[in-house]
There are 2 protein chains.
Amino acid sequence: MTSTDATPPLRPTRQRIAVAEAMASFDDFRSAQEIHELLGRRGEHVGLATVYRTLQRLADAGEVDMLRTEDGEAIYRRCSDTHHHHLVCRSCGRTVEVEGPAVERWTRAIASEHGFTDVSHTLEIFGTCPSCG
Amino acid sequence: MTSTDATPPLRPTRQRIAVAEAMASFDDFRSAQEIHELLGRRGEHVGLATVYRTLQRLADAGEVDMLRTEDGEAIYRRCSDTHHHHLVCRSCGRTVEVEGPAVERWTRAIASEHGFTDVSHTLEIFGTCPSCG
DNA sequence: GCTGATTTGACAACGATTCTCAATCGCCAT
DNA sequence: ATGGCGATTGAGAATCGTTGTCAAATCAGC
């Protein structure tokens, strides 16, 4: 393995920058389509397919979180680089990042207890936030 | 609201029974399409739309678990009636039901700490099982 | 400026899921 | 049993998010 290029050269194009900036501009989860629209409204036209491609790259690179709504739609959000989970308001979509070392430990323990390796997990908490309650 | 009927009468039709039996016949997660196919092969023809409708009912009734694969497809599995989570093998799909009272407590605590009510959560653990490792 | 690899965008293609709506079916009172 | 009637079904069309296609545009380096 001289330099296992799983990562081909990445170019900072106008489109990629636009998407990255858009992601930086809000705090909650948005779908690819919403981001595409947002960019359009801002005058930064970026093709829908490109938005999808870019978001995937960002997600792979761990720069954004991607999760699925109940009905299977992918939604994205910029995130801090530490591992964490989300507390999401069912009605207004407001999200809070939460951490739980105990949960991390627990999942690892359970997994190895069953002989599973290379473990990862997803955890989302849903509820009604104070202002929507 | 004389008797807030959120649950209209449910009829035990041939189709619903067939789907329920199919669900009882295996242990791992299957997609609606797979179940539809399975029934077809068994000679029990049930329309695809009906399979979808029935699985949704079952999921709403808490008789089956529904979760989403990484790519957004819905998959279903019969489940015990106690609240639990799944440890899923990324390569062969084998699943193990796990329980974690600590996690339940933790999510409830975190949520109320932020003023969220009516809380629920999803938690899945993915990994490579012993036989696939 | 030229060249080759990367990236883009418009649009077609896809696949899962839902909708439509007429034909059937199950339940229940007669 | 029988008839009425709302629940249910099925076949196919319609949605909708997402991915594929491929020629044109763009970029890095020479």
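Chain identifiers are assigned alphabetically (A, B, ...) following the order of the sequence lines, protein sequences preceding nucleic acid strands; residue numbering begins at 1 within each chain.
A:Asp71 places its CG atom 18 Å from the P atom of D:dT15, with the value rounded to the nearest Å. Between B:Glu34 atom CD and C:dG15 atom P the separation is 15 Å, expressed in whole Å. Between the CZ atom of B:Arg16 and the C1' atom of C:dC25 there is a distance of 11 Å, rounded to whole Å. When the P atom of C:dT7 is taken as reference, atom NE2 of A:His45 falls 18 Å away, rounded to whole Å. When rounded to the nearest whole Å, the span between CD1 of B:Ile35 and C1' of C:dT17 equals 14 Å. The CD1 atom of B:Ile17 sits 15 Å away from the P atom of C:dC25 (whole-angstrom rounding). Taking atom CG of residue B:Leu55 and atom P of nucleotide C:dA16, one finds them 14 Å apart after rounding to whole Å.
The aromatic ring centres of A:His121 and B:His86 sit 6.0 Å or more apart.
Using a cutoff of 4.0 Å between basic side-chain nitrogens and carboxylate oxygens, A:Arg78 and A:Asp27 are scored as salt-bridged.
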Every protein N/O within reach of nucleotides 16-22 of chain D N/O, cut-off under 3.5 Å:
{"from": "D:dG17", "atom 1": "O5'", "to": "A:Gln33", "atom 2": "NE2", "distance (Å)": "3.4"}
{"from": "D:dT18", "atom 1": "OP1", "to": "A:Ala74", "atom 2": "N", "distance (Å)": "2.8"}
{"from": "D:dT18", "atom 1": "OP2", "to": "A:Tyr52", "atom 2": "OH", "distance (Å)": "2.7"}
{"from": "D:dT19", "atom 1": "OP1", "to": "A:Gln56", "atom 2": "NE2", "distance (Å)": "3.1"}
{"from": "D:dT19", "atom 1": "OP2", "to": "A:Gln56", "atom 2": "NE2", "distance (Å)": "2.7"}

Under 3.5 Å, N/O pairs linking protein and nucleotides 23-30 of chain D:
none

**Asked** Checking salt bridge (Lys or Arg N to Asp or Glu O under 4.0 Å) for the pair A:Arg90/B:Asp118: CA distance, chi angles, key distance, verdict?
**Response** CA-CA 10 Å; A:Arg90 252 194 290 275; B:Asp118 193 20; 3.4 Å; yes
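Residues A:His85 and A:Ile125 are not in side-chain contact: their nearest non-hydrogen atoms beyond the backbone lie 4.5 Å or more apart. For the pair B:Thr122 and A:Phe126, the minimum side-chain heavy-atom distance is below 4.5 Å. The side-chain heavy atoms of B:Thr107 and B:Phe116, taken from C-beta on, include no pair separated by under 4.5 Å.
When each of B:Arg14, B:Gln15, B:Glu21 is tested with B:Ile17 by the rule side chain to side chain contact (heavy atoms under 4.5 Å, CB included), just one qualifies, namely B:Glu21.
Residues meeting the salt bridge (charged side-chain N to carboxylate O under 4.0 Å, His left out) test with A:Glu63, sequence neighbours left out: none.
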